[in-house]
Trainee: 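Here you go, one structure.
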Protein chains: 2
Amino acid sequence: MENEMKIFKDFLVSKSLKLTRPRKIILREVFQNHDHFTVDELFEQIREKHSNVSRATIYRTMPLLIDAGLLKQSLRCEAKDRYEHIYGHEKHLHFICDRCGKIIEIELKQLENILNDMAKEYDFKIREYNLGARGLCKECQKKTE
Amino acid sequence: MENEMKIFKDFLVSKSLKLTRPRKIILREVFQNHDHFTVDELFEQIREKHSNVSRATIYRTMPLLIDAGLLKQSLRCEAKDRYEHIYGHEKHLHFICDRCGKIIEIELKQLENILNDMAKEYDFKIREYNLGARGLCKECQKKTE
DNA sequence: TTAAATTTTGAGACTCATTTGCATAAAACT
DNA sequence: AGTTTTATGCAAATGAGTCTCAAAATTTAA
């Protein structure tokens, strides 16, 4: 936690930006949330704790956290962008169920190697990547029709 | 072409839906377009040929083509969903440049195997998947600042 | 430490892709 | 042909995300 705050602070300073109260709150809640959350969910999460921050500020802070390497836009579901924080660098694959919306996370180390090879070949500098598969989860496959 | 039409027709019939004129036009243009297109671009493409179809109908037809296995929602760029048709099954990876928006497509057979292994392990039935990486393309890396 | 300058915030207006309601049109059925 | 059903187009509605701008917080200058 302290660690993330320091990273964010340093990042902000390097851009001549300030670690303000709302930004601190957002960072804290982002790291308290271990799901794939939407801005709206984060907004609610913050509001429940009576430490109000406007939606606009959250929207404005997301790219800062992403640039600071602390947050990732992980997937899009039902027309909403979803985010997840990044501790270290556990990259993963998401299986998203078309029917119940469940998100299964899978670590995938092999992937990184393949990607890096490709990036080298095409001289592309990867900032972030996402691998998502959609289909039916175990449970939903059983429910016929 | 005839092939795709047949697949679409069969799909529609199986759902008690009809292969109408607008649906035929949309299918034809989807397969004439070899890019990652937006609904709006498809709309324009159709309009240029004087065979008008409303945006609403295009929006309504996209999920049908997807369900029929002929279309794929390939990526999202600048707040717009982009689609691409599916011939056979060339799945691929997209490198999307953050700066110039260029999309580099890469075939990735190895990936499929890994994914299938994982799907089996988690009992997940994959309908489609996407692997997208964002960063800087060769050219944009040179432009410093 | 007060005053001026700068940055950030919150609230709500705005944008724009996508969805929806409804009246009309086309198609299938009788 | 007339009736029922489904599809279409238009225009209005929706809703996530962005932007504006006045007020608030923070920094800098004196």
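Convention: sequence-line order gives letters A, B, ...; per-chain numbering from 1.
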Trainee: Find the distance A/Arg23:CZ to D/dA25:C1' and express it as a whole number of Å.
Mentor: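 One finds 12 Å between C1' of D/dA25 and CZ of A/Arg23, rounded.
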Trainee: Just the rounded figure in Å: distance from P of D/dG15 to NZ of B/Lys80.
Mentor: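 For the pair B/Lys80 NZ and D/dG15 P, the rounded distance is 22 Å.
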Trainee: Roughly, in whole Å, what's the span from CG in A/Leu27 to P in C/dT8?
Mentor: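 To the nearest whole Å, that distance equals 16 Å.
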Trainee: Hey, which of these two, A/Leu17 or B/Tyr83, hits DNA chain C nearer its 5' end, going by closest nucleotide?
Mentor: A/Leu17
Trainee: Report the residue (B/Ala79 or B/Arg21) whose heavy-atom-nearest nucleotide on DNA chain C is the more 5′ of the two.
Mentor: B/Ala79
Trainee: How many angstroms lie between CD1 in A/Ile66 and OG1 in A/Thr61, if you round to the nearest 0.5 Å?
Mentor: 11.0 Å
Trainee: Rounded to whole Å, how long is the line connecting atom NZ of A/Lys24 with atom P of C/dT8?
Mentor: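 Whole-Å distance recorded here is 14 Å.
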Trainee: Tell me, please, whether B/Tyr129 has B/Lys72 positioned over its six-membered ring: NZ or CZ under 6.0 Å from the ring centre and within 45 degrees of its axis?
Mentor: yes
Trainee: Parallel, tilted or perpendicular: which fits the ring planes of B/Phe95 and A/Phe124, with parallel below 30° and perpendicular above 60°?
Mentor: parallel
Trainee: For DNA chain D, find the residues of residues 45-61 of chain B with a heavy-atom distance under 4.0 Å and give them by number; none if there aren't any.
Mentor: B/Asn52, B/Val53, B/Ser54, B/Ala56, B/Thr57, B/Arg60
Trainee: Got a salt bridge between B/Glu29 and B/Lys49, using NZ or NE/NH1/NH2 to carboxylate O under 4.0 Å?
Mentor: yes
Trainee: From NZ of A/Lys18 over to P of C/dT7, roughly how many Å is that when rounded to an integer?
Mentor: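 Whole-Å distance recorded here is 6 Å.
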Trainee: Tell me the interatomic distance from A/Leu19, atom CG, to D/dA25, atom C1', rounded to whole angstroms.
Mentor: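 The distance from CG of A/Leu19 to C1' of D/dA25 comes to 14 Å, rounded to the nearest Å.
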Trainee: Just to confirm, is there a sub-4.0 Å distance from OP1 or OP2 of D/dT8 to any side-chain nitrogen or oxygen of B/Thr20?
Mentor: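 Yes, within the criterion.
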Trainee: Between B/Asp40 and B/Lys80, does any NZ, NE, NH1 or NH2 come within less than 4.0 Å of an OD or OE carboxylate oxygen?
Mentor: no
Trainee: Provide, to the nearest angstrom, the distance between the CD1 atom belonging to A/Ile25 and the C1' atom belonging to C/dT8.
Mentor: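 Taking atom C1' of C/dT8 as the reference, CD1 of A/Ile25 is at 14 Å.
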Trainee: First locate atom CE of A/Met118, then atom CG of B/Leu111, and finally report the distance between them rounded to the nearest 0.5 Å.
Mentor: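 It comes to 9.5 Å.
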Trainee: Tell me the closest heavy-atom pair linking B/Ile103 and B/Ile96, and the distance in Å.
Mentor: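 Minimum heavy-atom separation between B/Ile103 and B/Ile96: CG1-CG1, 4.5 Å.
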Trainee: Roughly how many Å is it from CZ in B/Phe43 to C1' in D/dT8, rounded to a whole number?
Mentor: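 Going from CZ in B/Phe43 over to C1' in D/dT8 covers 13 Å.
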Trainee: Indicate, with a heavy-atom threshold strictly under 4.0 Å, whether B/Asp81 touches base, sugar-phosphate, or nothing.
Mentor: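 B/Asp81: backbone/sugar contact only, no base atoms under 4.0 Å.
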Trainee: The side chain of A/Arg76 lies closest to which of these nucleotides: D/dG17, D/dA7, C/dA17?
Mentor: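 Given the options D/dG17, D/dA7, C/dA17, the side chain of A/Arg76 is closest to D/dG17.
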